[in-house]
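So the structure is just underneath, and the comments pick up after that.
These values consider heavy atoms only, across backbone and side chains, with no hydrogens, waters or symmetry-generated copies.
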Protein chains: 2
Amino acid sequence: MKDVAARAGVGLKTVSRVVNGEPGVTPETERRVQEAIDALGFRRNDSARVLRKGRTASIGLVLEDLADPFYGPLSRAVEEVARAHGALLINGSSAEDPEREQELVLALCARRVDGLVVIPAGDDHRYLEPELKAGVATVFVDRPAGHVDADVVLSDSFGGARDGVAHLIAHGHRRIGFIGDMPRIHTAAERLRGYRAAMEDAGIPVRESWMSLGVTDPERVRRAAEEMLTGPDPVTAIFTGNNRVTVTVIRVLAEHPHGVALVGFDDIELAELLRPGLTVVAQDAAALGRTAAERLFGQLDGDLLVPERIELPTRLIARGSGELPPAP
Amino acid sequence: MKDVAARAGVGLKTVSRVVNGEPGVTPETERRVQEAIDALGFRRNDSARVLRKGRTASIGLVLEDLADPFYGPLSRAVEEVARAHGALLINGSSAEDPEREQELVLALCARRVDGLVVIPAGDDHRYLEPELKAGVATVFVDRPAGHVDADVVLSDSFGGARDGVAHLIAHGHRRIGFIGDMPRIHTAAERLRGYRAAMEDAGIPVRESWMSLGVTDPERVRRAAEEMLTGPDPVTAIFTGNNRVTVTVIRVLAEHPHGVALVGFDDIELAELLRPGLTVVAQDAAALGRTAAERLFGQLDGDLLVPERIELPTRLIARGSGELPPAP
DNA sequence: CTGAAAGCGCTAACAA
DNA sequence: TTGTTAGCGCTTTCAG
């Protein structure tokens with residue numbers, strides 16, 4: 001910038017004015033400055049600008065895994081809102097590791113992002129307190145924060161799971177299995193609670209062997225499904241707790257001789273073309289991201305100062321697999 | 001930091017040393033400084049650090065759409081490599097709009113990212129020349145850059161498409177349709193070229209009505225597929241140019257009475273459970289991202305100074321839809 | 001309308 | 001081992 005000023009034969013501030021489109025510069029002067037800018041290939045250094053102005057016009061998004069088809073659309077939705085507010089998006093995957101989550105969040109804070117959208121991996125976010133006090137806008141999505149008072153945007157995991165399981169019960173099932181993610185994950189616990197509630201509402205006692213929570217890698221899920229299908233009191237239907245689990249269970253059921261009913265949490269592309277079509281409890285990942293990001297910028301604009309908990313509804317989509325009658 | 005120094009009763013530089021884990025500080029002093037840091041909830045301002053050091057330890061990734069299942073894994077792979085090098089990832093979606101791509105890239109440069117991974121939307125990247133000269137490491141992925149000399153990492157679109165179409169020909173098809181993305185997109189053009197090459201190798205003259213290039217929104221693709229299937233000289237097989245097109249064509253074929261063969265570029269989750277299973281030419285999105293990111297950090301480390309063009313192989317996976325015989 | 005000077009928070013270079 | 005000084009590139013303030 002100094003070089004530009006020298007070359008154009010003007011003061012530093014004048015260049016700054018031109019670069020930022022501020023008023024108060026003669027067209028003639030502006031032309032000279034612009035010429036120097038082009039000649040020198042100058043581009044403003046935003047780091048310096050940030051240092052001076054305080055705001056970085058960037059927000060951070062910490063999620064579990066960018067490669068998961070659930071988070072892609074969520075991330076894109078956050079990005080679109082950020083873009084509308086002139087901000088860039090920095091994102092990182094926690095890989096469901098609380099330490100890595102904290103590391104990422106703090107790295108983002110060190111860069112002075114204006115705000116943070118976090119899908120928590122851990123369940124204690126007191127490490128964020130200094131940042132919150134320092135004014136970093138923060139919204140938690142998909143799962144609530146632990147031990148801090150902040151905005152949260154969730155899907156109705158409990159209600160969704162309850163409806164899904166009730167749907168299976170309505171189609172005659174009584175021996176229904178539940179396979180979900182690790183119990184420390186809020187959504188997994190809530191969905192299990194929904195399962196229990198639906199069973200209880202129908203007066204069906206639940207067997208321990210019908211429930212399986214744990215990591216969602218294919219081997220574990222496959223084993224869990226097979227045990228439910230072949231053990232004593234074999235299930236005639238399965239409710240799966242998220243898209244990763246659902247995909248694996250679909251594969252297991254494809255190899256299984258009897259028509260086992262299935263309802264999955266989260267929608268899956270091409271679900272309608274499977275045989276049978278996959279019945280799901282769908283949540284709107286994009287809406288989750290959009291809502292969270294809008295709250296975030298609300299905070300930044302000075303409105304929305306009281307932390308709120310927003311719960312988005314889920315939608316049951318019947319496509320066949322959830323309407324299969326119990327096998328004899 | 002000044003405050004911390006004051007509170008700990010030490011000089012500024014000593015605090016800097018503690019914060020950065022530099023040697024040359026008495027344990028006792030370090031303890032006092034650490035105490036002050038905790039008490040004040042201090043955290044280093046990386047913007048200032050960047051301003052001083054020149055490097056931001058962040059890289060930018062510009063892609064088409066983070067919500068596309070092809071780009072999620074690619075993005076995650078770039079992130080992992082960045083993480084291994086202690087860098088954060090800023091990413092943005094160009095929505096296949098060259099202007100938006102440029103806008104994003106320049107915004108990233110203004111923030112002085114150390115490097116850039118770009119999946120080009122436009123075909124002229126001369127706007128990047130000043131940045132390249134200024135030392136911003138850059139790697140293009142999935143499509144080559146226009147009019148600038150830089151690293152490129154690609155899949156073998158031409159060879160993959162040629163193999164896929166040859167596969168259909170080997171199964172007896174002669175009237176084969178091609179539906180792809182806009183012709184200005186390099187991968188789309190290359191895949192069309194592969195299609196033509198396979199047809200020519202087999203001595204099959206190609207009809208104009210068998211080829212359709214354009215936006216990949218479902219309506220356009222659906223119309224294109226239906227025209228090929230019902231027009232004069234109806235096709236008995238279709239080759240689709242990317243995952244978005246494939247998904248729509250699968251839906252169209254599901255409604256179609258005759259068994260039309262299909263081979264798609266890009267793999268799709270659960271493709272093996274469709275009826276028939278989907279035959280694809282798979283490319284490895286994660287490998288694409290990983291390779292690109294590794295080249296990027298190679299540039300930053302001072303090796304790998306000569307721009308190179310790396311082409312990754314594709315793999316044909318036969319699952320049924322591509323082995324269907326021509327309908328009578 | 002324009003410019004000089006101060007300073008954002010940090011680190012490099014040097015001095016004590 | 002520790003502290004002082006200068007300055008990264010920009011914006012703010014205030015004077016011309």
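- Taking atom CZ of A:Phe42 as the reference point, atom P of D:dG9 lies 10 Å away to the nearest angstrom.
- For the OP1/OP2 pair of D:dT11 and a distance below 4.0 Å, the side-chain nitrogens and oxygens of A:Ser16 include at least one atom meeting the criterion.
- Side chain to side chain, A:Ser94 and A:Glu64 fail the donor-acceptor criterion of an N or O pair below 3.5 Å.
- Side-chain nitrogen and oxygen atoms of B:Lys53 include at least one within less than 4.0 Å of the OP1 or OP2 phosphate oxygen of C:dA12.
- For the pair A:Thr14 and C:dG3, the criterion of a side-chain N or O lying under 4.0 Å from OP1 or OP2 is met.
- Using a 4.0 Å heavy-atom distance criterion, B:Val19 is classed as making no nucleic acid contact.
- Residue B:Asn20 is in sugar-phosphate contact alone, with no base atom involved, counting any heavy-atom pair closer than 4.0 Å across all strands shown.
- Expressed to the nearest 0.5 Å, how far CZ of B:Phe42 lies from CD of B:Gln34 amounts to 10.5 Å.
- Note: CD (A:Glu22) to P (D:dT12) measures 7 Å, nearest angstrom.
- We find that CZ of A:Arg112 is positioned 11 Å from C1' of C:dC10, with the value rounded to whole Å.
- Distance CZ (A:Arg55) to C1' (D:dT11): 17 Å, rounded to an integer number of Å.
- Between the side chains of A:Arg111 and B:Asn45, not a single donor N or O lies within less than 3.5 Å of an accepting N or O.
- Remark: the A:Thr56 side chain and the A:Asp114 side chain contain an N/O donor-acceptor pair separated by less than 3.5 Å.
- Closest to the side chain of A:Lys13, out of C:dC10, D:dG3, D:dT12, is D:dT12.
- Counting any heavy atom pair closer than 4.0 Å across all strands shown, B:Arg17 reaches a base atom.
- The listed nucleotides are C:dC1, D:dG7, D:dT12; the one nearest the side chain of A:Thr26 is C:dC1.
- Atom CD of A:Glu30 is separated from atom P of C:dC1 by 12 Å (rounded to the nearest Å).
- We find that NZ of B:Lys2 is positioned 16 Å from C1' of C:dT11, with the value rounded to whole Å.
- Here D:dC10 is the nucleotide among D:dC10, C:dC10, C:dT2 with the atom lying nearest to any side-chain atom of A:Leu12.
- For B:Arg52, the listed nucleotide lying nearest its side chain is C:dA12; candidates were C:dC8, C:dT2, C:dA12.
- For the OP1/OP2 pair of D:dT1 and a distance below 4.0 Å, the side-chain nitrogens and oxygens of B:Thr29 include no atom meeting the criterion.
- If you check every strand for non-hydrogen atoms under 4.0 Å, B:Ser47 touches nothing.
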side-chain hydrogen bond (donor to acceptor under 3.5 Å, both in side chains) assessment of B:Gln283 paired with B:Ser155: CA-CA 7 Å; B:Gln283 55 176 328; B:Ser155 279; 2.6 Å; yes
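- Within 4.0 Å (heavy atoms only), A:Val50 reaches no atom of the nucleic acid at all.
- Between D:dT2, D:dG9, C:dT2, one nucleotide has an atom nearer to the side chain of A:Asn45 than all others, and that is D:dG9.
- Rounded to whole Å, the distance from CZ on A:Arg111 to P on C:dC10 is 14 Å.
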Give the C-alpha distance, both sets of side-chain angles, the deciding distance and a yes or no for side-chain hydrogen bond (donor to acceptor under 3.5 Å, both in side chains) between A:His125 and A:Glu101. CA-CA 10 Å; A:His125 297 85; A:Glu101 173 208 307; 3.0 Å; yes
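- With rounding to whole Å, A:Met1 atom CE is found 13 Å from D:dT12 atom C1'.
- Counting only heavy atoms from C-beta on, B:Leu51 has its side chain closest to C:dG9 among C:dT2, C:dG9, D:dT2.
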